[in-house]
K.L.:
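I'd like to ask you about the structure that follows.
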Amino acid sequence: MSTASIASQPSNGANGKLSAREKKWIIYDVGNSAFVLLSTAVIPIYAKSLMPADGNIVSAWGYAQTIASLVIALLMPLLGSIADVQGMKIKFFLGFFGTGVVMCCAMALPLTWLPFLIIYVLATIGLNGSLTFYDSMLIDTTTNERMDKVSSHGYGWGYVGSTVPFIVCIALIFGGPALFDWSTAACTRASFVITAIWWVAFTIPLITSYRQVHYRATRDHAREAIHGTFSELGSTFGKIVKNKPLWMFMIAFFFYIDAVNTVISMSTSYGTQLGIDSTQLVVALLVTQFVAFPCAILYGRLAGRFGCKPMITAAVVAYMGIVFFATFFLKSAVEFWILAILVGMFQGGIQALSRSYYGKIIPKDHANEYYGFYDIFGKTASILGTFLVATTTSLTGNASLGVLSIAILLVVALVFLTLQKDPTKA
């Protein structure tokens, strides 16, 4: 393993101003988060409108998310490690990003629910694949002491920035029929194209400025590169197994990030199934973005005072409360608003600090490989929660019990976080 010089990395202290390079990395969160927000608030409602009257959007949506996550989990062990080769990370990033954008536009084409969900799954694979390589770009973008700050700003600005195209799309969906004599469905399909354009615009700064600082040296022949990749995967996995604090955190991360992703991806479909008005759902989730913006940045600052792990643990406990609230008290739009605000308070913080905490506890000279495993765990985790919710709902016919199943994941995560010895503490 060899790395390029890191002399050009930002030299500001932990609380210094963001450098130009850090800002250009952060801005991709603004671009891709527009699709994430649309996927949470609008796409499930649109998919429900395409289904038969007796169709269950919670189950269908859960299985769609599960399939997308499973594909990423199967691809990333190989592709993530190959990306450690010099110059490869940006190529893989562009491939998945391009797939996501094209499929986002293509969602405007189908007029029945099954083809629509298939294209949505492909768009989600493109998004999640690009995020795998984007996350690992963090170590090439900033220093260890600034990771909490930069990662938190990424999620924070992603939340608030994504509201701009979202508001445009919502205005089009609700006002388009009167202004342009379009149907609501046509306006919704146009929103997919608008979101794709936004996504592209805020990706350009990253792809024109990114340089892979940490990389694995290998020969130019593809066969030897792939052989070296499998050797590195085996070596890194062996080192993880021997590092007890690391693998204990990875297991905890697997379970709690699964719960977080499931709450994000299933919230609107759950509210729709309960009969909550779509307008209320959309506006409440828009408020979530504005709440998440300052809370994500605040979480980064609190981590500097109390430490990453205590703040992550606090968020896991908070999510347990959120799941119980959704299960036993969510019946109307008012409760959904409360739920949206609570999620916004902790969502960005736990995601941002997980990304930066992991970067602190792994060997710096093997960071790209370790981030590959981090994203494997993160994307694989997205399978279990949505599958639990979808299957429990299908078997019991009760969506509330499906949501309650998420608590199992959080309890397991809390156990491993409690038992793990924090390597960042002396």
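Numbering starts at 1 and runs along the sequence shown.
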K.L.:
Do Ile27 and Ile204 come within less than 4.5 Å of each other through their side chains, counting heavy atoms only?
P.N.:
no
K.L.:
Take atom CZ in Phe290; do more than 12 heavy atoms of anything else shown fall under 6.0 Å from it?
P.N.:
yes
K.L.:
Please give me the minimum heavy-atom distance between Pro423 and Tyr357, naming the atom from each residue.
P.N.:
CD-OH, 3.4 Å
K.L.:
Look up atom CG in Leu342 and atom CD in Glu335, then write down how far apart they are to the nearest 0.5 Å.
P.N.:
11.5 Å
K.L.:
Do Tyr120 and Tyr46 have ring centres separated by under 6.0 Å?
P.N.:
no
K.L.:
Taking the side chain as C-beta and beyond, is there a heavy-atom pair between Leu353 and Ser152 under 4.5 Å?
P.N.:
yes
K.L.:
Can you see which heavy atom on Leu410 is nearest to which on Ala259, and at what distance?
P.N.:
CD2-CB, 3.5 Å
K.L.:
Kindly give the heavy-atom pair with the smallest separation between Leu117 and Ala60, and that separation in Å.
P.N.:
CD1-CB, 4.1 Å
K.L.:
State, to 0.1 Å, how close Lys309 and Lys421 come at their nearest heavy-atom pair, and which atoms those are.
P.N.:
NZ-N, 4.4 Å
K.L.:
Tell me, do Ser405 and Val389 make a side-chain contact under 4.5 Å, heavy atoms counted?
P.N.:
yes
K.L.:
Is the Trp247 ring parallel, tilted or perpendicular to the Phe416 ring (thresholds 30°, 60°)?
P.N.:
perpendicular
K.L.:
Would you check if Leu131 and Asn128 make a side-chain contact, meaning some heavy-atom pair closer than 4.5 Å?
P.N.:
yes
K.L.:
Should the pair Lys149-Glu22 be classified as a salt bridge under the 4.0 Å nitrogen-to-oxygen rule?
P.N.:
no
K.L.:
Out of Phe97, Tyr210, Phe92, which residue meets the ring pair (Phe, Tyr, Trp, His ring centres under 6.0 Å) rule with Phe133?
P.N.:
Phe92
K.L.:
Looking at every heavy atom in both Asn32 and Leu127, which two are closest together, and how far apart are they?
P.N.:
CB-CD1, 3.7 Å
K.L.:
Can you tell me how far the OG1 atom of Thr262 sits from the CG atom of Leu388, to the nearest 0.5 Å?
P.N.:
8.0 Å
K.L.:
Can you tell if the side chain of Asp140 reaches within under 4.5 Å of the side chain of Arg211, non-hydrogen atoms only?
P.N.:
no
K.L.:
Do Met103 and Ile125 have side-chain heavy atoms sitting under 4.5 Å apart?
P.N.:
no
K.L.:
What's the separation between atom CD1 in Ile251 and atom CZ in Phe249, rounded to the nearest 0.5 Å?
P.N.:
11.5 Å
K.L.:
Is any side-chain heavy atom of Thr141 closer than 4.5 Å to one of Lys24?
P.N.:
no
K.L.:
Drop me the distance from Leu38's CG to Ile170's CD1, to the nearest 0.5 angstrom.
P.N.:
7.5 Å
K.L.:
Do Val164 and Trp198 come close enough that some side-chain heavy atom pair is under 4.5 Å?
P.N.:
yes
K.L.:
If you round to the nearest 0.5 Å, how far is CG of Asp29 from OH of Tyr159?
P.N.:
9.0 Å
K.L.:
Please determine whether the number of non-hydrogen atoms from other residues, nucleotides or ligands lying under 6.0 Å from atom CZ of Phe174 exceeds 12.
P.N.:
yes
K.L.:
Return the minimal non-hydrogen interatomic distance between Ala352 and Ser151, and the atom names on each side.
P.N.:
O-OG, 2.9 Å
K.L.:
Mind checking ring pair (Phe, Tyr, Trp, His ring centres under 6.0 Å) for Tyr134 and listing every partner two or more places apart, or none if nothing turns up?
P.N.:
Trp25, Tyr28
K.L.:
Just verifying a value: how many Å separate Thr99 OG1 and Leu122 CG, rounded to the nearest 0.5 Å?
P.N.:
8.5 Å
K.L.:
Run the side-chain contact (heavy atoms from CB on, under 4.5 Å) test against Phe293 and tell me which residues pass, sequence neighbours left out.
P.N.:
Trp157, Val160, Ile297
K.L.:
Any luck finding a side-chain donor-acceptor pair between Tyr256 and Ser354 under 3.5 Å?
P.N.:
yes
